[in-house]
Trainee: 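Before I ask anything, here is the structure I am working with.
All chains are named by letter (A, B, ...) in the order of the sequence lines, taking the proteins before the strands, and each is independently numbered beginning at 1. All values below were derived from every heavy atom in this structure, side-chain atoms included, with hydrogens, water molecules and symmetry-related copies excluded.
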Amino acid sequence: MSNRTGMILAYAVMAVLIAGTGVLQSWNSALNILNFCLIYAIMSLGVNLQWGYAGLFNVGVMGFTALGGLAAVLVAMPPVPEAWNAGGPRILAGLALGAGVIIAAMLAWRRLPGRVAGWATAAILVAGFFAYRAVFDPGVAAVESVNASLQGYMGGLGLPVLVAWPVGGLLAAGAAWAIGKVALGLRSDYLAIATLGIAEIVIAIMKAEEWLARGVKNVAGIPRPVPDAVDLQSSPAFVERAAALGADPVTASTIAVKLGYSLYFTVVLIVVLILAQLALNSPWGRMMRAIRDNEVAAEAMGKDVTARHLQIFVMGCFLVGLAGAMMTTLDGQLTPGSYQPLRFTFLIWVMVIVGGSGNNYGAVLGAFLIWFLWVQVEPLGGALIDQVTSVMQDGWLKTRLIEFSGQMRLLVMGVILLAMMRFAPRGLIPER
Amino acid sequence: MDILNGLVMLANFVLIPAMAYGAQLALGALGVTLIYAILRFSNFAHGDTMAFGTAITVLATWGLQAAGVSIAPLPTALLALPVGIFGATALVLLTDRAVYRFYRAQRAKPIYLVIVSMGVMFVYNGLTRFVIGVDSQNFADGERFLIEPRQFKAWSGLDQALGLRTSTAITLVVALVVMVALFRFLNRTRTGKSMRAFSDNEDLALLSGINPERVVMITWLIAAALATTAGVLYGLDKSFDPFTYFQLLLPIFAAAIVGGIGNPVGAIVGGFVIAFSEVLLVYPLGGVLRYLLPEGIEPEGLLQLLSTDYKFAVSFAILVIVLLFRPTGLFRGQTL
């Protein structure tokens with residue numbers, strides 16, 4: 001069986017799985033799975049860029065996803081004018097001052113002569129830190145006291161939520177540039193450790209800085225790019241059309257909304273996939289793979305390995321941020337507490353490794369398959385454990401198994417990853 | 001008097017907690033750095049090795065408590081620690097056999113091992129949750145304080161109290177004993193020397209007849225024992241949560257890299273550097289400075305430099321500084 005027919009077969013199986021969910025369970029849950037599959041496919045393409053094309057290990061996918069989600073709030077939520085007036089300029093001034101201090105410190109370090117440089121840099125940083133806190137803190141207090149139970153933050157720009165998607169990508173790309181600048185060009189594990197750190201910190205900032213996006217108080221009601229299900233149900237034209245199809249208007253409206261999302265997500269995925277395919281097959285793509293396979297040889301041929309790594313790392317994180325913004329749009333709310341490394345870092349890695357690293361179609365397939373299993377295997381696993389424990393004697397093992405049935409995913413995903421790495425390291429659809 | 005009060009306050013809220021936390025980080029970082037020196041990859045599963053070993057220790061502690069065994073005033077967990085170490089070493093040796101050895105034989109790039117260790121991390125985390133559940137467990141018993149804050153106040157007549165918790169004292173003593181034993185092992189015994197030789201130059205070590213599989217096995221044994229000890233001490237000090245050990249991963253890596261990864265002395269120094277910076281930056285120093293500084297220039301307010309939400313940011317910032325200015329770490333660890 002050639003690579004191509006195998007791939008078509010794999011995608012056909014995937015389509016049957018999702019359609020089967022629609023027939024056997026409900027079309028609502030099938031579309032739900034599909035929408036998340038589409039988003040995860042974009043993330044998976046981003047991680048595949050980094051790992052499959054360049055061999056970079058990014059453990060901070062969660063952080064870049066969350067930055068995308070933050071962009072959805074900052075761009076699409078309506079602004080809160082009182083909060084802006086209360087402390088907005090002060091906060092912006094504080095942030096600008098902070099950035100200025102860092103730039104000044106960097107200049108001092110580079111330009112000043114030898115021994116003076118260290119002390120001057122330290123002095124600028126310490127003095128700058130206190131100046132920054134003095135400007136910034138009152139602004140934060142003022143903003144957070146405005147109608148704290150409902151708002152207490154500055155709101156967003158009130159732009160259409162679709163604008164937030166590329167902005168989310170840019171936000172993540174900016175963070176990736178900073179972290180890549182520090183950690184790339186050193187030992188390969190350092191990028192992994194640094195990205196692990198940045199992810200924790202992004203989440204910490206999003207939880208703690210309430211003036212930004214309400215922190216753990218969450219932001220709900222992010223505007224949607226599609227009509228609301230309730231509005232559809234009250235529109236006579238829609239109800240009439242649903243009746244003509246012989247469908248219940250409530251079900252029809254929720255399905256229509258989900259289909260709307262699917263449409264948007266599919267368009268984005270197809271564009272990203274085409275671009276990624278073009279890049280992979282371009283001279284640039286060949287260069288990247290040459291670097292991945294033998295850095296020393298590529299460097300000897302005059303390729304700037306670190307700069308290329310930085311470039312592809314930023315591009316991959318852009319895609320992750322884009323997908324993060326899309327996911328927050330789909331959820332309609334930003335809940336920083338819900339970002340877990342298992343679901344937002346590790347899962348993506350399982351998708352890429354299972355699908356086939358270095359192959360874009362493989363990464364997309366991996367995303368679809370693994371998300372489908374993630375959703376569907378949990379109830380199956382629970383049912384299996386119920387079956388097993390029902391015939392067991394009471395005892396330690398039985399109580400442990402019952403309590404554990406909700407925690408199966410960790411173990412299952414870990415085992416899938418280890419098994420794939422060991423027995424099929426090239427994935428379901430291998431790189432050509 | 002003011003100066004004494006200030007110093008006591010500083011010791012009570014900053015120095016003593018930072019010493020204990022630093023010792024715990026140092027033990028964790030020693031494990032990471034040993035694995036790096038011998039197996040040449042950053043082991044992401046180290047945090048969850050700590051969690052697993054600690055979980056076994058907690059279970060053994062409960063068993064001992066149920067059997068009425070006690071070594072009061074010391075916590076029963078110390079008695080249960082060998083059981084935990086046994087559980088953790090069995091687990092890592094099994095993992096090495098089933099997972100890592102395959103890649104070692106292939107001489108796979110280190111980054112593959114890092115990814116594999118991430119898979120192992122999730123399996124360990126799942127196992128930990130399986131054996132003990134997801135809830136927070138408090139397993140410290142015995143005497144709570146070695147020096148009671150109230151008694152100290154009555155004894156010294158100062159306004160500020162100094163407390164020394166038993167768990168803190170145990171952490172420091174155990175960490176010291178373990179570190180001395182480890183360095184004696186590395187420097188004095190034949191096996192320890194062969195480990196160092198292997199770390200310095202693998203090919204030469206092989207040529208001189210050192211059995212690599214034996215070196216690797218002993219490294220795993222030591223790393224798992226260190227991880228369990230660190231995890232139990234941390235758990236006694238705070239409480240046991242299956243997921244906190246994942247969050248300790250970042251400060252532990254930072255400690256190992258600050259000191260110079262692959263260098264055991266560096267790991268210890270790095271642990272204390274990270275711990276002291278974290279505690280100092282997160283603790284409101286205003287009160288201490290009001291005692292210490294002469295009138296007129298004493299500060300107002302809390303003077304808390306960073307909110308506690310950003311504890312991890314401290315280790316991360318130190319990590320970034322080290323990577324920017326001295327990627328080999330303070331003690332010139334291995335570079336590649």
Trainee: What pairs with A:Arg289 under salt bridge (Lys or Arg N to Asp or Glu O under 4.0 Å), at least two apart in sequence or on another chain?
Mentor: none
Trainee: In terms of heavy-atom proximity below 4.5 Å to chain A, should B:Leu319 be classed as side chain, backbone, both, or neither?
Mentor: side chain
Trainee: Which class fits the ring pair B:Phe325 and A:Trp109: parallel under 30°, tilted 30 to 60°, perpendicular over 60°?
Mentor: perpendicular
Trainee: Between A:Phe136 and A:Phe129 (judged by ring centroids, cut-off 6.0 Å), do the two rings come close enough to count as a pair?
Mentor: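 No.
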Trainee: Does anything in residues 191-208 of chain A pair up under side-chain hydrogen bond (donor to acceptor under 3.5 Å, both in side chains), and if so which pairs, sequence neighbours excluded?
Mentor: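 Not a single pair qualifies under side-chain hydrogen bond (donor to acceptor under 3.5 Å, both in side chains).
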Trainee: Measure centre to centre between the rings of B:Phe41 and B:Tyr112, then say whether the value is under 6.0 Å.
Mentor: no
Trainee: B:Ala254 versus chain A, heavy atoms under 4.5 Å apart: side chain, backbone, both or neither?
Mentor: neither
Trainee: Can you tell me which portion of A:Leu191 sits under 4.5 Å from chain B's heavy atoms? Options are side chain, backbone, both or neither.
Mentor: neither
Trainee: Tell me which of these, B:Arg129, B:Lys311, B:Gln106, B:Met121, has more heavy-atom pairs under 4.5 Å with chain A than the rest.
Mentor: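 Of B:Arg129, B:Lys311, B:Gln106, B:Met121, B:Arg129 has the most heavy-atom pairs under 4.5 Å with chain A.
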Trainee: Please classify the contact between A:Leu56 and chain B as side chain, backbone, both or neither, with a heavy-atom cut-off of under 4.5 Å.
Mentor: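 For A:Leu56, neither part sits under 4.5 Å from chain B.
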Trainee: side-chain hydrogen bond (donor to acceptor under 3.5 Å, both in side chains): which pairs involve residues 49-62 of chain B, sequence neighbours left out?
Mentor: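 The answer is none; no pair qualifies.
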Trainee: Would you sort out whether A:Leu95 and A:Ile91 count as a side chain to side chain contact (heavy atoms under 4.5 Å, CB included), showing the intermediate values?
Mentor: CA-CA 6 Å; A:Leu95 291 177; A:Ile91 287 184; 4.2 Å; yes
Trainee: Using non-hydrogen atoms only, which part of A:Arg422 is less than 4.5 Å away from chain B: side chain, backbone, both, or neither?
Mentor: both
Trainee: Less than 4.5 Å to any heavy atom of chain A: does that hold for the side chain of B:Lys109, its backbone, both, or neither?
Mentor: side chain
Trainee: A:Ile348 vs A:Phe344, test: side chain to side chain contact (heavy atoms under 4.5 Å, CB included). Steps then yes/no.
Mentor: CA-CA 7 Å; A:Ile348 322 293; A:Phe344 290 95; 5.7 Å; no
Trainee: Measuring heavy-atom distances to chain A, does B:Tyr103 have an atom under 4.5 Å in its side chain, in its backbone, in both, or in neither?
Mentor: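 Side chain of B:Tyr103 only, per the 4.5 Å heavy-atom cut-off to chain A.
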Trainee: Please step through salt bridge (charged side-chain N to carboxylate O under 4.0 Å, His left out) for the pair B:Arg107 and B:Glu202, ending with a clear verdict.
Mentor: CA-CA 12 Å; B:Arg107 295 198 159 240; B:Glu202 197 175 332; 3.8 Å; yes
Trainee: Counting only non-hydrogen atoms closer than 4.5 Å, does A:Ile416 touch chain B with its backbone (N, CA, C, O), its side chain (CB onward), both, or neither?
Mentor: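 Neither part, no heavy atoms under 4.5 Å.
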Trainee: What part of B:Phe130 gets closer than 4.5 Å to chain A, counting heavy atoms only: side chain, backbone, both or neither?
Mentor: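 Both backbone and side chain of B:Phe130 come within 4.5 Å of chain A.
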Trainee: By a 4.5 Å heavy-atom criterion (distance strictly below it), what part of A:Val59 contacts chain B: side chain, backbone, both, or neither?
Mentor: side chain
Trainee: Can you see whether B:Thr95 engages B:Tyr124 through a side-chain donor-acceptor pair at a distance of less than 3.5 angstrom?
Mentor: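 The criterion, which ignores hydrogens and geometry beyond distance, is satisfied for B:Tyr124 and B:Thr95.
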Trainee: Strictly less than 4.5 Å between heavy atoms, which residues of residues 117-127 of chain A line up against chain B? Please order them by number.
Mentor: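 So far as heavy atoms go, nothing in residues 117-127 of chain A approaches chain B to under 4.5 Å.
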Trainee: Is the distance between the ring centroids of B:Phe122 and A:Trp349 under 6.0 Å?
Mentor: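 No, too far apart.
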Trainee: For B:Leu113, is it the side chain, the backbone, both, or neither that has a heavy atom closer than 4.5 Å to a heavy atom of chain A?
Mentor: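 No part of it gets close to chain A.
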Trainee: Given heavy-atom pairs under 4.5 angstrom as the criterion, report whether the side chain, backbone, both or neither of A:Met421 touches chain B.
Mentor: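 Both parts, heavy atoms under 4.5 Å.
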Trainee: Check whether A:Leu410 gets within reach of chain B through its side chain, its backbone, both or neither, counting any heavy atom under 4.5 Å.
Mentor: both
